Amino acid sequence: MKLLGTGSSLPHLQVSNSDLAKFLDTGDEWIVPRTGIRTRHVISDENLEDLAADAAKKALEDAGLNVSDIDLLICSNVVNEYVTPSLSCVLAYKLGLACPCFDINCACPGFIYAMDMADSYFRSGKAGNVLIVCAEEPTRMVDWKDRSTCVLFGDGAGAAVFGKGDNLKGIRLSSEPAPDKICEYRKLLPTPYISKEENEVPMLMKGKDVFRFAVTTSVRDIHGILDEAGISIEDVDYFMIHQANLRIIDGIRERLGVTEEKFPVNIADHGNSSSASCPILLDECRRKGMFKEGDILVFSAFGAGLLSASAVLMC
Ligand code: ACO
């Protein structure tokens, strides 16, 4: 597969750490050194599907393709206002797409999981062009009275169009199932037969465990895929790491022994936008003209599950 175009879309409202300090006992002095986050985009009067459609249209335009050229739409999403139909169906309706479409919920590594599925469709000859849209509103998952989680997240959508090609040089998906590390429960409607107790609980996270998992799996996966692909760390042009936390990104970079210039970051003004973070970063870097043909990008992401994934993609 080969990257043909990218797009992204962010909510207009930006909420700074000082804005949060108006209703929470927090501020720059705690949030910045621990996370690198200064401000984040937060959904207010927008709908997630509109951000997703905006990102998708920009990616199609960048790729020079029309909706009729797309054979498959994959949406990566954890939460949105619809239970059914899937976000991909809502998005397909907005875009005027009539190809097969489905959602995946793989938390933060969703973009790389979607790339892996797209690759399978290309290999089996079932698709010529695939549109991946990662649209997330994690700010609707957290308790805004819980300063240990709500300060970490931001919303947004990132999209990428892939066509046939042999630019995917390696991909690795892995899991260490531990549902209690990052979890959220929702209550379903009652029936006459439900006797079990059900709770609605906003996102709970064991931050230190997630931190350890993120750094160790990312370093392991990156070394693994590069070894398999026969590419040395020095030959990688950019490491596109899930923007969860600057300390996690720095921890990965230091363990890999790579300089800061090869680790683009946008966490300071985005926060953690779950699976949208990698494609938003990809789009922002592409639009700045950072990549040239033949550049080697390594993606790595980790999150609830616990799931992790890495990929090597040549521009
Ligand atoms: N402002 C001020 N104080 C706070 C805040 C806040 N926003 N949040 C927590 N504190 C307090 C705590 O109450 C605690 O106080 P106490 O010692 O009096 O009890 C103190 O700060 C220290 O809290 P710790 O949890 O020990 O802080 P830590 O240094 O571990 O940092 C953090 C917490 C930033 C969440 C860290 O564990 C982390 O980055 N984990 C990774 C989380 C992550 O990135 N998750 C997302 C990845 S997966 C995904 O994308 C869904």
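Throughout, residue positions are numbered sequentially from 1 according to the sequence presented. As the structure lists them, so they are numbered: ligands from 1, and atoms in each ligand from 1. Bear in mind that the values here come from a model prediction, so they are computed numbers and not experimental data.
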Original post:
Do any nitrogen or oxygen atoms of Thr35 lie less than 3.5 angstrom from nitrogen or oxygen atoms of ligand 1?
Top reply: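 Min N/O separation from ligand 1 is not below 3.5 Å for Thr35.
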Original post:
Are any of the N or O atoms of Ser274 closer than 3.5 Å to those of ligand 1?
Top reply: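 So ligand 1 has no N or O lying under 3.5 Å from an N or O of Ser274.
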**OP:** Identify the protein heavy atom lying closest to atom 50 (O) of ligand 1, giving its residue, its atom name and the separation to 0.1 Å.
**Re:** Cys108 SG, 2.5 Å
Subject >> Closest approach of Lys58 to Ser8 (non-hydrogen atoms, all atoms of both residues) >> reply: NZ-O, 2.9 Å
Original post:
Does a side chain donor of either Asp28 or Asn17 reach within less than 3.5 Å of an acceptor in the other side chain?
Top reply: yes
**OP:** Using non-hydrogen atoms of the residue, decide whether Asp25 is closer than 4.0 angstrom to ligand 1.
**Re:**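 The answer is yes, since Asp25 has a heavy atom less than 4.0 Å from ligand 1.
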Original post:
Can you find a non-hydrogen atom of Arg247 under 4.0 Å from ligand 1?
Top reply: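 A heavy atom of Arg247 does come that close to ligand 1.
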Under 4.0 Å from any heavy atom of [X], which atoms of ligand 1 are there?
X      : result
Thr26  : 1 (N), 2 (C), 6 (C), 7 (N)
Asn272 : 46 (C), 47 (C), 49 (C), 50 (O)
Lys208 : 24 (P), 25 (O), 26 (O), 30 (O), 37 (O)

**OP:** Answer with side chain, backbone, both or neither: which part of Ile182 has a heavy atom less than 4.0 angstrom from an atom of ligand 1?
**Re:** side chain
**OP:** Measure from atom 31 (O) of ligand 1 to the protein's non-hydrogen atoms and state whether any distance is below 4.0 Å.
**Re:** yes
Original post:
Can Lys262 be said to sit on top of Phe239's aromatic six-ring, NZ or CZ under 6.0 Å from centre and within 45° of the ring axis?
Top reply: no
Original post:
Phe291 and Tyr238: ring-ring contact (aromatic ring centres under 6.0 Å, His included), yes or no, with the steps?
Top reply: CA-CA 9 Å; Phe291 307 141; Tyr238 293 103; 5.5 Å; yes
Ionic contact status for [Y] with [X], cut-off 4.0 Å:
X      : Y      : answer
Lys292 : Asp295 : yes
Arg220 : Glu176 : yes
Lys57  : Asp54  : no

Subject >> Of the listed options Phe153, Phe302, Trp30, closest to atom 4 (C) of ligand 1 (non-hydrogen atoms) >> reply: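 It is Trp30 that holds the nearest heavy atom.
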